[in-house]
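Structure, as structure tokens:
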Amino acid sequence: MMAESKQRIAVCPGSFDPVTLGHVDIIQRAAAIFDKVIVLVSINPTKEPMFSPEERVEMIKTVTKNLPNVEVETFGGLLADFVKSHGATAIVKGLRAVSDFEYEFQMALANKKLCPEAETIFLVTRSENMYLSSSMVKQIAYFGRDISGFVPAEIKERIAARIEKLSADTNKCEGVEN
């Protein structure tokens, strides 16, 4: 008699504010390894995001619609609790540089303590995405530059429009005319 195989579920957490080509690369690669990948839009009460959790979920769903084993959810608690409640056995994190590793290594140790059944898997970003971050995308767009090479084409205009609106609102508040 064959043993029933357990579905390999991974959680790929992040703020995704906004989702970048680097994020999409890590999600696609995780989807090729695991049976199911849950992209988790984490809610950090200490951060002021540009996009609501619902908007970020919708953007990620848009750019991962061709990946049938990818789901997108949002959560405001501890990652370890989410991982446990969904029966996941892995947490997938993308690494860009050594500085990312130090922080992510500490988080991996804490998550292992809280959720021993899950392993943290680090995927090193492709070289063309090593410098890429959501903060950088926002700054480039804020100063009116094209973000085409940094974010998925399907959501580029949405991101640019939001940043343009925020920039205009900021300038109005500061008494600067456009």
Side-chain angles (χ1 to χ4, degrees), residues 9-27 30 36-64 70-123 125 129 131-143 147 150-152 155 158-174:
I9 302 171
V11 176
C12 189
S15 60
F16 305 104
D17 188 43
V19 63
T20 69
L21 291 174
H23 292 132
V24 173
D25 173 50
I26 296 297
I27 295 165
K36 178 178 170 182
V37 175
I38 303 169
V39 179
L40 179 63
V41 174
S42 302
I43 300 169
N44 184 338
T46 65
K47 287 188 177 179
E48 183 72 32
M50 179 174 296
F51 294 94
S52 72
E54 297 76 23
E55 289 173 312
R56 289 179 272 160
V57 165
E58 196 269 312
M59 284 191 282
I60 296 167
K61 283 182 177 180
T62 297
V63 301
T64 61
V70 172
E71 296 176 6
V72 188
E73 294 191 34
T74 185
F75 187 67
L78 288 174
L79 175 59
D81 293 339
F82 182 89
V83 168
K84 270 186 183 180
S85 71
H86 285 73
T89 57
I91 299 165
V92 176
K93 301 292 291 192
L95 293 178
R96 294 172 297 195
V98 174
S99 57
D100 284 350
F101 178 76
E102 290 182 39
Y103 172 77
E104 294 298 347
F105 184 67
Q106 288 178 332
M107 295 302 295
L109 292 174
N111 285 325
K112 189 67 174 169
K113 182 87 169 169
L114 296 168
C115 184
E117 57 274 18
E119 297 292 339
T120 298
I121 309 293
F122 296 115
L123 294 180
T125 189
N129 296 323
Y131 62 91
L132 193 51
S133 70
S134 294
S135 298
M136 181 182 292
V137 167
K138 289 186 272 194
Q139 186 171 18
I140 291 167
Y142 182 83
F143 287 103
I147 56 173
F150 307 108
V151 299
I155 61 171
R158 182 176 184 171
I159 295 167
R162 172 65 54 86
I163 292 170
E164 185 178 313
K165 180 185 180 328
L166 291 173
S167 175
D169 291 348
T170 300
N171 287 338
K172 283 179 189 171
C173 291
E174 295 172 354

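Positions are given from 1, in the same order as the sequence printed here. As the structure is a computational prediction, the values presented were derived from the model and not from experiment.
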| query | Can you find a side-chain donor-acceptor pair between Ser135 and Gln139 that sits under 3.5 Å? | reply |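 Ser135 vs Gln139: no donor-acceptor pair found between side chains.
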[atom1]-[atom2] distance between [X] and [Y], expressed to the nearest 0.5 angstrom:
{"X": "Asn111", "Y": "Asp81", "atom1": "CG", "atom2": "CG", "result": "9.5 Å"}
{"X": "Ile155", "Y": "Glu58", "atom1": "CD1", "atom2": "CD", "result": "9.0 Å"}
{"X": "Glu104", "Y": "Arg96", "atom1": "CD", "atom2": "CZ", "result": "9.0 Å"}
{"X": "Glu73", "Y": "Lys61", "atom1": "CD", "atom2": "NZ", "result": "8.5 Å"}
{"X": "Cys12", "Y": "Ile60", "atom1": "SG", "atom2": "CD1", "result": "8.5 Å"}
{"X": "Ile159", "Y": "Ile147", "atom1": "CD1", "atom2": "CD1", "result": "5.0 Å"}

| query | Is Tyr103 atom OH crowded by more than 12 heavy atoms from other residues, nucleotides or ligands, each under 6.0 Å away? | reply |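 For Tyr103, atom OH is not crowded (no more than 12 foreign heavy atoms under 6.0 Å).
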Decide yes or no for [X] and [Y]: does some side-chain heavy atom of the first lie under 4.5 Å from some side-chain heavy atom of the second?
{"X": "Ile91", "Y": "Val83", "answer": "yes"}
{"X": "Met136", "Y": "Tyr131", "answer": "yes"}
{"X": "Glu55", "Y": "Pro49", "answer": "no"}
{"X": "Lys47", "Y": "Asp17", "answer": "no"}

[X] and [Y]: which non-hydrogen atoms are nearest, and at how many Å?
{"X": "Phe51", "Y": "Arg162", "result": "CD2-NH1, 3.4 Å"}
{"X": "Lys138", "Y": "Ile163", "result": "CA-CD1, 3.7 Å"}
{"X": "Val137", "Y": "Pro18", "result": "CG1-CG, 4.1 Å"}
{"X": "Val92", "Y": "Ala10", "result": "CG2-CB, 3.8 Å"}
{"X": "Leu40", "Y": "Thr74", "result": "CD1-C, 3.8 Å"}
{"X": "Pro152", "Y": "Thr20", "result": "CD-C, 4.0 Å"}

| message | Would you call the rings of Phe75 and Phe82 parallel, tilted or perpendicular, taking 30° and 60° as the class edges? | response |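 Because their plane-to-plane angle lies in the 30° to 60° range, the rings of Phe75 and Phe82 count as tilted.
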| field | N-O pairing of Asp100 and Lys93 below 4.0 Å | value |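 Here Asp100 does not pair with Lys93 in a salt bridge, since their nearest N and O are not under 4.0 Å apart.
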| query | Hey, mind stepping through Ser134 and His23 against side-chain contact (heavy atoms from CB on, under 4.5 Å) and telling me if it holds? | reply | CA-CA 9 Å; Ser134 294; His23 292 132; 3.3 Å; yes
| query | Is it true that a side-chain atom of Lys36 and a backbone atom of Glu71 form a donor plus acceptor pair closer than 3.5 Å? | reply |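 No, Lys36 side chain to Glu71 backbone: no donor-acceptor pair under 3.5 Å.
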| request: Only one of Ile26, Val24, Leu21 passes side-chain contact (heavy atoms from CB on, under 4.5 Å) with Asn129; say which it is. | output: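 Option passing the side-chain contact (heavy atoms from CB on, under 4.5 Å) with Asn129: Leu21.
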